[in-house]
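Have a look at the structure below, then the notes.
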Amino acid sequence: MTESVILVSGANGEIGHGLIQALATLSGTPPILALDLNELSSTLQPLVKYSVQGDILDARLLARLNEQYRFDSVFHLAAILSSQAERIPEAAHRINVEGTLNLLQLASEQAQRYGRNVPFLFPSSIAVYGIPDLQTKRSLPPLQEDQHNLPGTMYGCNKLYGELLGRFYSHPAVPEPKLDFRVIRFPGIISAQTEPVGGSTDYLPQMLHAAHAGKPYTAFVRADTQLPFITMPDATRALIRLWQAEKSLLQKQVYNINGWNCSAAEFAAKVREHYANAQIDFQADPLRQRIVDSWPTSLDDRVAREEWGWRAEHDLDAAFAAYFLPSLRGASQPTST
Ligand code: SER
């Protein structure tokens, strides 16, 4: 019989690391098939049953996976993040949009083939919001899911369209079995285990990891830059909780979640409380500053709270006390993803 697996694309990325470690602690879940362009990190290898090195744009590879495995669920994490996507917009479009389309199609075929709806979890982002100017950003309350959906970045356009493509494949007019498409719009995520590459929210995790390594750090944004953030354990908890939520509880497909909101200066002050010698300064990069200035200060996650019981465990203080410091001080060097 064809083996049932959980497919995790982009497994080697930051969310991949957090999610696979969290999934591995659950009992009774199918084994993991990790798919990534790069060889899977040695941390993750013992936690997955299958590891496939390959490209989500490779139709032959996907056809082979479709034949060999039965996908219980799909976590489609592979993406080019926002700063990198602005530098290579057409390549980002191919990976973020065509790659997503390929996996949606694959999961839909699987639903048909095995006669069962296939949960498809898609991490979206604060990047789907596009606020016209700083004055407006500063005046806005936490944004609800359907407000200011006019992104100015390639990554934001890609994520918003990915949400719509998933909606298309799981639309009420499409007969079952089909995709059971579920989306979380994440704030910036901070992991104590890995460091991000190519994102526009990278300045906070980079600041933290540099301070821990005793290296000076120049943030690529103004000190007053304000965004919402969340810890990796909260982010993966949210993904797993939404994945496991009873379908009947969910009125929507797309949910904001929020951890805490802070300025880069506030985070730097917090870092200095714990790393007294941290050398942090700020020098705005125009491209990346423009991106973060168009993203909201805060997200309204009321619907996720009401429908599937979402609640972040870490605010800024708890993030340091209960996660960053214990993890960093008990660990070796972070992995670059
Ligand atoms: N953290 C992402 C980025 O900065 C946003 O989703 O691109």
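Everything numeric in this text was worked out from a predicted model, so none of it was measured. For reference, positions follow the sequence shown, starting with 1. Side-chain atoms are counted along with the backbone in the values below, which use heavy atoms only and exclude waters and symmetry mates. Indexing begins at 1, ligand by ligand and atom by atom, following the structure's order.
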Contact residues of ligand 1 with a heavy-atom cut-off of under 4.0 Å?
->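 Ligand 1 pocket, heavy atoms under 4.0 Å: L81, S82, S125, Y155, G199, S200, T201, W295.
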
Counting only heavy atoms not in N277, do more than 12 fall under 6.0 Å of its CG?
-> no

So is R185 actually on top of Y129's ring, under 6.0 Å and inside 45° of the axis?
->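 Yes, a cation-pi geometry.
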
With Y255 as reference, evaluate W310, W308, F122 under the ring-ring contact (aromatic ring centres under 6.0 Å, His included) test and give the passing residue.
-> W308

Applying the side chain to side chain contact (heavy atoms under 4.5 Å, CB included) test to I189, which of I230, L204, T201 qualifies?
->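 Testing I189 for a side chain to side chain contact (heavy atoms under 4.5 Å, CB included) against I230, L204, T201 leaves exactly one candidate, I230.
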
R237 and D234 ion-paired at < 4.0 Å =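 Yes.
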
Indicate yes or no: does D72 engage R116 in a salt bridge with an N to O separation below 4.0 Å.
-> yes

